[in-house]
There are 2 protein chains.
Amino acid sequence: MPLRKSSEDKLLDAVDELVFTRGIETTPVDAVLARAGVSAATLYRGFRSKEALIGAALERRHGRWRQVWDDAVDRAADDRLRLLAVFDALDDFAGRPDGARWCAFLGAAAELADPPAEIADALVRDTEHMRRTLRDLAARLPCDDPDDLAEAVLLVFSGELAMRLRDARPRRSTTGRRIAGTLVDAAVAGH
Amino acid sequence: MPLRKSSEDKLLDAVDELVFTRGIETTPVDAVLARAGVSAATLYRGFRSKEALIGAALERRHGRWRQVWDDAVDRAADDRLRLLAVFDALDDFAGRPDGARWCAFLGAAAELADPPAEIADALVRDTEHMRRTLRDLAARLPCDDPDDLAEAVLLVFSGELAMRLRDARPRRSTTGRRIAGTLVDAAVAGH
DNA sequence: GTCTATACGTGGATAGAC
DNA sequence: GTCTATCCACGTATAGAC
């Protein structure tokens, strides 16, 4: 844990704070440089392009999200709450200084109809990981079709994120969590 | 119904077909002009700016969406199906030639952290209208908290839209519709 | 009213000094 | 390794002719 951050870290931090809240296309590199306190030459020494920088920031962010989510799952008392823990994790993550306006991954997908490889890879990895993890958690519950339940939770989770675009004010995941709880109960009861 | 479209209409059509699938920031005005078959001067004669053009396209789109949704509600057999008709409307709308990749309104909100007035107004109008209409439809059902149910359906609807960003391939609203159906049933049963 | 041509700003990326 | 200065491409918007 170095006391002085490297230029790379400062740039990645700036991307988290600026790009993922203000948008990829609307945030010029200059703004990132100013926030990071480094010069353009330094950026292009460490990264091939703006897109590569953003791709790297998405990868780092994905790792951090996994960590927050894992922690929330570990805190949960039973299998039902472990599946719903994704909403606790969302609130934890959104509360961080680098918590974005809605979702950096969906945001990148929304802005870039066909993203460059560095970014596309990060997007696919995020969705695959979410789907796989939710399936594993749903499989521990006594229901007929855990994959189906996992997909429903993923949709509700994505909806909870999208609702952040409709009303500007900060928001907790209570509505999404309550919906998902109802779905889990219905799936378990119908078994 | 004029046989020859006006330049304004051709421009609005081009915005529907290009901007709302490829993104606002990533679609240059030149691409819109080429698609519409008019020149830059003509655009700026009819509209103050690119943003004003997009705002106008969003307004026209909102009216069309209302029409499609109203039709779907009219086709529905009972109050439960009338509330769920928003998903039928979504599939109808997405199937049109001007049906976008996910949602033009959420897309604009995602791209522009603080949009110009012309666009911001259209965004607010869309969400307000959706919320109001869903509340009216939910109020016809025997449940304890129709506003709550309406908000849940709006979240699921938004999630169905957001899921279109995760997997690229075309998608029907079956998952969202099934989830919403479960929520309606649970709300009515709990009454 | 619509076109051609162009002005003007801005953004991403690089060269070369230290 | 980082900075200053700069290049080049592109994107929005306008001027002036027809």
Side-chain angles (χ1 to χ4, degrees), chain A residues 2-58 107-108 111-120 122, chain B residues 2-58 107-108 111-120 122:
Chain A
L3 275 177
R4 276 177 59 83
K5 283 183 196 167
S6 70
S7 290
E8 273 83 3
D9 282 339
K10 282 191 272 189
L11 284 164
L12 292 174
D13 289 346
V15 170
D16 264 322
E17 291 155 18
L18 285 168
V19 176
F20 295 148
T21 48
R22 313 218 16 93
I24 296 176
E25 298 291 323
T26 50
T27 307
V29 182
D30 297 24
V32 176
L33 296 174
R35 177 65 151 256
V38 302
S39 70
T42 305
L43 192 169
Y44 292 102
R45 216 168 175 37
F47 303 93
R48 270 203 314 282
S49 64
K50 177 187 182 184
E51 284 138 8
L53 169 65
I54 292 173
L58 283 173
E111 282 197 70
L112 311 171
D114 40 13
E118 296 103 328
I119 295 181
Chain B
L3 275 176
R4 275 178 60 82
K5 285 182 193 166
S6 71
S7 291
E8 273 82 3
D9 283 338
K10 283 191 271 189
L11 284 164
L12 293 173
D13 289 345
V15 170
D16 264 322
E17 291 156 17
L18 284 167
V19 176
F20 295 148
T21 48
R22 314 222 11 97
I24 296 176
E25 298 291 322
T26 51
T27 305
V29 180
D30 297 22
V32 177
L33 297 174
R35 177 64 152 255
V38 302
S39 70
T42 305
L43 191 169
Y44 291 102
R45 253 202 123 288
F47 303 93
R48 270 203 315 285
S49 63
K50 176 186 181 182
E51 285 138 7
L53 169 65
I54 291 173
L58 284 173
E111 282 196 71
L112 310 172
D114 40 14
E118 297 103 328
I119 295 181

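The chains referred to below are lettered A, B, ... by the order of the sequence lines, with proteins before strands, and numbering in each begins at 1.
OP1 or OP2 of C:dT2 has at least one side-chain nitrogen or oxygen of B:Ser7 nearer than 4.0 Å. Phosphate contact (OP1/OP2 of C:dG12, side-chain N/O of A:Ser49, threshold under 4.0 Å): absent. OP1 or OP2 of D:dC3 lies within a sub-4.0 Å distance of a side-chain N or O belonging to A:Thr42. Contact annotation: A:Tyr44 does not reach the phosphate of C:dT14 (side-chain N/O to OP1 or OP2, under 4.0 Å).
The distance from atom CG of A:Leu33 to atom P of D:dA5 is 16 Å, rounded to the nearest whole Å. Following rounding to the nearest Å, A:Leu18 (CG) and C:dG11 (P) show an atom-to-atom distance of 14 Å. Rounded to whole Å, the distance from CZ on A:Arg45 to C1' on C:dA15 is 12 Å. Note: NZ (A:Lys10) to C1' (D:dT2) measures 10 Å, nearest angstrom. Note: CG (B:Asp9) to P (C:dT2) measures 12 Å, nearest angstrom. Between the CZ atom of B:Phe47 and the P atom of D:dT12 there is a distance of 16 Å, given to the nearest Å. In this structure, CD of A:Glu25 is placed 14 Å from C1' of C:dT10, rounded to the nearest angstrom.
The listed nucleotides are C:dA15, C:dC3, D:dT12; the one nearest the side chain of B:Asp30 is D:dT12. Among the nucleotides C:dG11, D:dA13, D:dA15, the one closest to any side-chain atom of B:Lys50 is D:dA13. Out of C:dT2, D:dT12, D:dT14, the shortest distance to the side chain of B:Ala40 is found at D:dT14. Set against C:dC3, D:dT12, D:dC3, the side chain of B:Val38 has C:dC3 as its closest nucleotide. When distances are taken from the side chain of B:Val29 to each of C:dT2, D:dT12, C:dA15, the shortest belongs to D:dT12.
B:Gly37 comes within 4.0 angstrom of sugar-phosphate atoms only, judged by non-hydrogen atoms across all strands, and of no base.
Judged by distance alone, with hydrogens and angles left aside, the side-chain atoms of B:Glu111 form no donor-acceptor pair with the main-chain N or O of A:Glu111 at under 3.5 Å. Between the A:Lys10 side chain and the A:Arg35 main chain, no donor and acceptor come within less than 3.5 Å of each other. Remark: side-chain polar atoms of B:Lys5 are not paired, donor with acceptor, to backbone N or O of B:Leu11 under 3.5 angstrom.
When every heavy atom of A:Gly46 is checked against every heavy atom of A:Glu8, the shortest pair comes out as CA-OE2, 3.6 Å. Between A:Leu18 and A:Ala31, the closest heavy-atom pair is CD1-O, 3.4 Å.
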